[in-house]
Amino acid sequence: MDRLPGRARSWLGLRTVAGQVFILQVFIALVLVVVAVVALLLQSRTDADREARNRSLAVATAVASSPSVKQALTEADPTVVLQPQAEETRQRSRVDFVVVMSPQGIRYSHPNPAQIGRHYIGSIAAAQRGGIVTETTTGTLGRSVRAVVPVIGADGKVIGLVAAGITVKQVSVAAERQLPLVLAAAGLVLAAATGGTAWISGRLRRQTHGLGPAQMTRMYEHHDAVLHSVREGVLVIDAQGRLLLANDEARRLLRLEADAEGRPVGGLGLEPQAEKLLLSVTEATDQVVKVGDRLLAVSHRPMTRQAGPGGTVATLRDTTELSVLMGRVEVVQERLKLLYDAGVRIGTTLDVTRTAEELAEFAVPRFADYVTVDLADAVLRGEEPNLLSVTELRRVALHGVRESPLYPPGALIHFVPSTPQASGFGSGKVVLESDMAAFSGWQAQDPDRARRLVSYGIHSMIAAPLRARGVTLGVATFWRSREPEPFTAEDLSVAEELVARSAVSIDNARRFTREHTMAVTLQRSLLPHVLPGQSAVEVAHRYLPAEAGLGGVGGDWFDVIPLPGARVAIVVGDVVGHGLRAAATMGQLRTAVHNFSALDLPPDELLWYLDELVSRIDQDLEDSGEAPTVTGATCVYAVYDPVSRLCTMARAGHLEPLVVYPDGRAEPAGVPTGPPLGLGGLPYEKAELVLPENSSIVLYTDGLVERRRRDIDEGIELLRRAVAHAGRTPEQTCQAAMDTLLSAPPPDDVALLVARTRLLDSDRTASWDVASDPSAVAGVRAAAGRTLHDWGLEEEAFTLELILSELVTNAIRYASGPIVVRLIRDRSLICEVSDGSSVAPHLRRAAGMDEGGRGLFLVAQFADRWGTRYTPGGKVIWTEQHLPASP
């Protein structure tokens, strides 16, 4: 019985290496199978989390980008549209919920309708700023993943949020179903591995059985042949420092004698550094040691880890050629890093001059000792240079290690054909002048300056044309003085690549300069150049376009429009966006305001018509396939009457005007806010204020008060404090506001309009109530004549009496009372006849035999201007007669 365990072990082969390898392989296979199953389970859970996260994020992103969702968020009751859409999306995408909410987190949809209108439970802060929120929570249904995505409106602002979520268990069911199949496959793999290991162990046992001296000798011979044929030196040194083994490559590299083996290393005549390294007991890897004219990479290892007498083993490799090659690689790497850094540091602004200066500053002293950049004047203006007419270049940048006799920045240089700059500019190729002291023709530009440059130590240069998109913009010249070696042909490629990258940045800045100049020119042409003469208000204004590179020209505008009855309209508007499109849109809106004001509409009605116009423009853009860009325009419109001191205002999404009273108080005007122009269908409200004389109305755009690090309410408060002073003129008020709020170039357009109210004296107006009796016409005509006599306007009396007779007669005959006549002596003589009828008169030509129909025709012939405006109680027909001189 005692022999049975021994026989079992013998049968299993545990006493042999092959048997032990068999058992080890079986154990390893078993461990690998177990680890694979565990890893699969863990991976399944990880994949389920990832799939849940991806699905919830994809559903939320798809819903947030839906045009119907964006449209619904702008409606009065988004839930009516969003609830069925969200439920349909949830069922199709097989997620647990899809919730659409306001930017503040108020739900518009939810699988449980009772939750609609409540706050969303979860993190939405990042989404409110335009980011994406993904989070994993554990609830009653288990672990779930939810994502919150912002809904971005046409103006780039967050107009809503969309959340979608799904439980991890719902995703991981499919992976759990595959677990039995995986376990079966693992069993098959384990069986196959066990069989394969048994077969390999059997073969190993058979192949090593009966190994004799001949076979061992043959193995040694093979080992010796390999040792001496490799191209790497091998040394074996014992613990006493004697050389035990050196192959042929080691003998060649160290120049060892034939009887070197068995001798102390210290007596082999090696270099001290090499001898010290070989006798040490420390490890070394590829330590470079100089032996004669060779550089050897020595790897040294002690044999203390193996059982035996000890000692060290060293390997040697000849790295002389590798060192030369590595030196070249380092040079290439330095040049690649130079070009990479150039791409990062050159072209950080859209300014032509600054980009040229960045090129010069970057290349000194990394590539050259001095760098000059010369550009055509047309490039500085944003235009393309004409190669047929360019004979002179403007020095834009100069940078060097110290002062030099080179032309200073700003100089206009005429390069003669023999210079490298002229040759490179004309041919578009890089030109090398390796020996400037030879004076091979480059000195013809300025012989005296050329001799000073050479005596100064500058000995070589490279002239590289700045070419971008097939256009030569100028020339960059690299000069060398401190380094004795001149520029080489290899440096040409570096200079060419460096200049090519800079040229693209300069050309981008040139194009931006051209577009910015065009936009500024267009906008300036659309803004009023001279404000029209009127007596109602004293006006001062400021307009400042956005700094180029920060935002560019935008769509801010202002206007002062004289109205009948000595009244005046003041308006300030803002179109969202920058560039030519914003400036052109601003011109459309300003023209529309002029046309609508000619109809003498109240401010709220004018904004309503303007909103309709913007909506039609947006619709035309959508029909043509272009994205609408007008939506987001804002406007504030105010009408001031110097007779009644009544100021009527309305605003469409614009900042509220400020009113500065004569005592210095500055307060918001209290104008109800209305939606921005282009939303369509929403009404506007007006506010009426009776302003004391010398009150100031301050209209402005958000570019004046809004900054990235300053809240807009804080900016409005700063503006209020800046204008809250008594006795200032509008010009002084404008300057105080600009000094307080603009300490740096603005990122957005700034428009500011200050209008100080005036009051027409009572002796410049006269009014009469007229009875509805034709006989009253004569009395009104006589009273008007006396008034004109008192005003010294006798020459206008006949025309006025004729106009007054026709208008009053028409009012008595065709309109209803009360009838009121008012005369105003302003820059022109104004006659107003008001009645209680809203029926507008029509001008027509009477036939030769007609008895009537000539009244308004005569009025139109004798008056310089005439028109009709409507009031809450009827209408007013007005006429104007130009006076020889302003009162």
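- No side-chain N or O of Asp574 forms a donor-acceptor pair with one of Thr634 less than 3.5 Å apart.
- Glu497 is linked by a side-chain hydrogen bond (donor to acceptor under 3.5 Å, both in side chains) to Arg501, counting only residues two or more places apart in sequence or in another chain.
- Looking at residues two or more places apart in sequence or on another chain, you find no side-chain contact (heavy atoms from CB on, under 4.5 Å) involving Ala58.
- With sequence neighbours excluded, the residues that form a side-chain hydrogen bond (donor to acceptor under 3.5 Å, both in side chains) with Glu433 are Ser440.
- A donor-acceptor contact closer than 3.5 angstrom links the side chains of Arg469 and Asn508.
- Partners of Thr419 according to the side-chain hydrogen bond (donor to acceptor under 3.5 Å, both in side chains) rule, which considers only residues two or more places apart in sequence or in another chain, do not exist here.
- Every residue was checked against the salt bridge (Lys or Arg N to Asp or Glu O under 4.0 Å) condition with Asp702, not counting sequence neighbours, and none meets it.
- Listed by chain and residue number, nothing satisfies the salt bridge (Lys or Arg N to Asp or Glu O under 4.0 Å) test with Arg710 (two or more places apart in sequence, or in another chain).
- Arg480 is linked by a salt bridge (Lys or Arg N to Asp or Glu O under 4.0 Å) to Glu483, counting only residues two or more places apart in sequence or in another chain.
- A salt bridge is absent between Arg366 and Glu361: the closest approach of a Lys/Arg side-chain nitrogen to an acidic carboxylate oxygen does not fall below 4.0 angstrom.
- Distance alone, capped at 3.5 Å, is enough to place a donor-acceptor pair between the Asp369 side chain and the Ser481 backbone.
- Checked against side-chain contact (heavy atoms from CB on, under 4.5 Å), Ala737 has the following partners two or more places apart in sequence or in another chain: Leu719, Val723, Leu752.
- Side chain to side chain, Asp559 and His594 meet the donor-acceptor criterion of an N or O pair below 3.5 Å.
- With sequence neighbours left out, the side-chain hydrogen bond (donor to acceptor under 3.5 Å, both in side chains) criterion links Thr372 to Trp479.
- Taking 4.0 Å as the cut-off between side-chain N and carboxylate O, Asp351 and Arg354 do not count as a salt-bridged pair.
- The salt bridge (Lys or Arg N to Asp or Glu O under 4.0 Å) check on Asp448 picks up Arg451, with sequence neighbours excluded.
- Here Gln443 pairs with Phe439, Ala450 under the side-chain contact (heavy atoms from CB on, under 4.5 Å) rule; sequence neighbours left out.
- Within the structure, every pair that satisfies the side chain to side chain donor-acceptor pair (under 3.5 Å) test and touches residues 374-384, not counting sequence neighbours, is listed here: Asp374-Arg395, Asp377-Arg394, Arg381-Glu383.
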